[in-house]
Structure formats: C-alpha cells, structure tokens
Amino acid sequence: MTTTDMPRPVDAEPGRAVPKKRPRSAAGGGLRRAVPATTLLWVLAALYAVPVLWFVLSSFKPAGDLFSLPLTLFPHDPTVSGYKAAWESANFSQYFINTTIVCVIATILTVGVSCCTGYALAKYDNKWLKVFFVGILATTMLPSEVMLAPQFLVVRDLGLYNSLAGIILPAVLTATGCFMFRQFFLTVPDELIEAARIDGARELSIFLRIMVPLSRPIMLTLAILSFQWRWNDYIWPLLMLNDPEKFTVQIGIQSLVGAQNINWSVLLGGSVISMIPLIVVFLVFQRYVMNADINAGLKD
C-alpha cells in the first residue's frame, strides 16, 4: 500500500462545524484597550469613595479624635456614642415618619403626573403641548431660589403653610420627570399604538395597559431620584414648617448644630443615620434602573 492509499484521520464528525480559534492578536488588542479605561474608572471610583469612607469612619471616632494630629482614616477607639447622642437629642423617629410620608406621597404623584405628561408630549401633536413643554423646560433654566418666593405665596394662600401637604404639592410636577418620560415614549414605535387602535383599544386603555408597563424602568428610575430629592430637601421644608412635630430629617439634623459650638461626633452620627434609607432604597431598586425593552410586544 502506497502513502497515497493510507486512510486520512478524521478531523471532525460529519456535519459538525470545526470551531475557529480567535486570533491571539485580536484578543490581546482588546485587552490592551480595556486596561486604561478600567484603570481610569477605578481611579474615579476611589476619588469618590475616599471622602465617603472618611465621613462614615469619622462618625465612629470620639469627638476629641476628629481633629487630632496626625489625621487618621480609621478610628483608634471606635465608639457609637455619637449615634446614641444624635438619636436621643433629636426626635428622629418622628422625623423619619414625617419624611417618609412626604417622600412616598410625593414620589407616587411625581411618577404618575410625569408619566401622563410625558406620554401626551410625545404622542400627541398639538402646538399648545409644545408651548407647554417649552415652559416646563424653562423652569430648569432658573435657579431654584428664584422660585421660592412665588411658590411660598401660592402655598400660603392655599392654606397649606406649616403642613406636610405644603411640601408635597410643589414637588408633584418636575421638569426632569416630564423630560425623561417624553424622551422614552418618543422611542416607542408608533406602530405599537396603531396596532392597538386597530384592535379597538381606547386611548386610556393603550396608556394603562401598554405604555405604563413598558415605562416601568423609567418609573423606577424617577421614583429613586424623586425619593432622594425629597429626602434631602432642606430649604423648602425649612421655609414651610415651624412646628417641631412636623420637621423632616434634614431640619432635624440642623437642630443638632448648637448656637456656640458644634459637636461633630453627634452631627456625623445623625448624618449617617439619615443616609440609611436612601442606601436601602437604591440597593433594592438599582437592578431595575434604565433596563427598558422598548421593542416588547413587537414582532420581527
């Protein structure tokens, strides 16, 4: 038998594709391009994380160690006395209840009104809607301090001064929320709405059964932002409230500041306590943020 008659080895099973190896140079090039970007992101994360870490760890330091030289990141003798003093010196339980009521009601109303407004601005063609949208955007070009006086006069004339409703009402309509929903609904194909109309669906049914479920990621994103805005709001509650039983958390923290001196250990402890609800809300809902599938319900 000659060499030409020798049986050749089978490279692969019949009908099975032989996998192609990725060129080593291409993989190495992608890795080299990813390293600088990843390094830059880690550096930026460290720049943001170090002050927050210093702030949290300083809350466990005794008051005498906060400004002792040399400055240290970690406390030598950790203590929670600042947290205890902050909780006992201020009525934090009532502050948390008041702030939670304001944040929950304002967030629900903000998301609902912004969703309706954004859908109307995106899917209905009317010149007055465009004028209304320009007016909403114009409010973002003015400093918030400029609008405090007219807002205060309106809320006072409505009889809502020194009430939680007076804090909630001006926060219902936000330019950011309307803009977010409008931009999202513009990306939803009009064919989806036309198909629903052909099937006999009414406008309210289209909005509630199609548009609202599609916009759930945007709703959750705005809900997180709105909850954060209302929780951290300080100037407006300070103007509207004069009853200590109705104070929010931020005003309660301000009450920890003395007229002559500041107990930084107590102030840091109270500040960390006020951050806990925001961290919990973000950790619970972060996986829903900006995770939209705008092509849901459409066939290829």
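The chain is numbered in sequence order, starting from 1.
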Does atom CZ (F55) have a neighbourhood of more than 12 heavy atoms from anything else shown, all under 6.0 Å?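 Enclosed: over 12 neighbouring heavy atoms sit under 6.0 Å from CZ of F55.
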Could you check whether atom CZ of R197 has more than 12 heavy atoms from other residues, nucleotides or ligands sitting under 6.0 Å from it? yes
Nearest 0.5 angstrom please: F181 CZ to T221 OG1, how far? 8.5 Å
Which distance, rounded to the nearest 0.5 Å, do you find between the CD1 of I218 and the OG of S114?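 Result: 12.0 Å between the selected atoms.
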Testing the basics here: between [X] and [Y], what is the closest heavy-atom pair and its distance to 0.1 Å?
| X | Y | value |
| --- | --- | --- |
| L222 | V111 | CD2-CA, 4.1 Å |
| L239 | Y161 | O-CE1, 3.5 Å |
| G270 | A86 | N-CB, 3.7 Å |
| V155 | M240 | CG1-CE, 3.2 Å |

Side chain to side chain, Y83 and S59, heavy atoms closer than 4.5 Å: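 A side-chain contact exists here, since the closest heavy-atom pair is under 4.5 Å.
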Any donor-acceptor N or O pair under 3.5 Å, side chains S93, N91: yes
[X] side chain to [Y] backbone, donor-acceptor under 3.5 Å:
| X | Y | value |
| --- | --- | --- |
| W236 | P170 | no |
| K246 | N162 | yes |
| D233 | W229 | no |

For residues 116-124, which side-chain N or O atoms pair as donor and acceptor with protein atoms under 3.5 Å away, sequence neighbours left out?
unit_1 : atom_1 : unit_2 : atom_2 : d
T117   : OG1    : V113   : O      : 2.7
K123   : NZ     : F185   : O      : 3.0
K123   : NZ     : V188   : O      : 2.7
K123   : NZ     : D190   : OD1    : 2.7
Y124   : OH     : E203   : OE1    : 2.9

Would you confirm whether the ring centroid of F227 sits within less than 6.0 angstrom of the ring centroid of W231?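 Yes, the ring of W231 comes within the 6.0 Å limit of the ring of F227, centre to centre.
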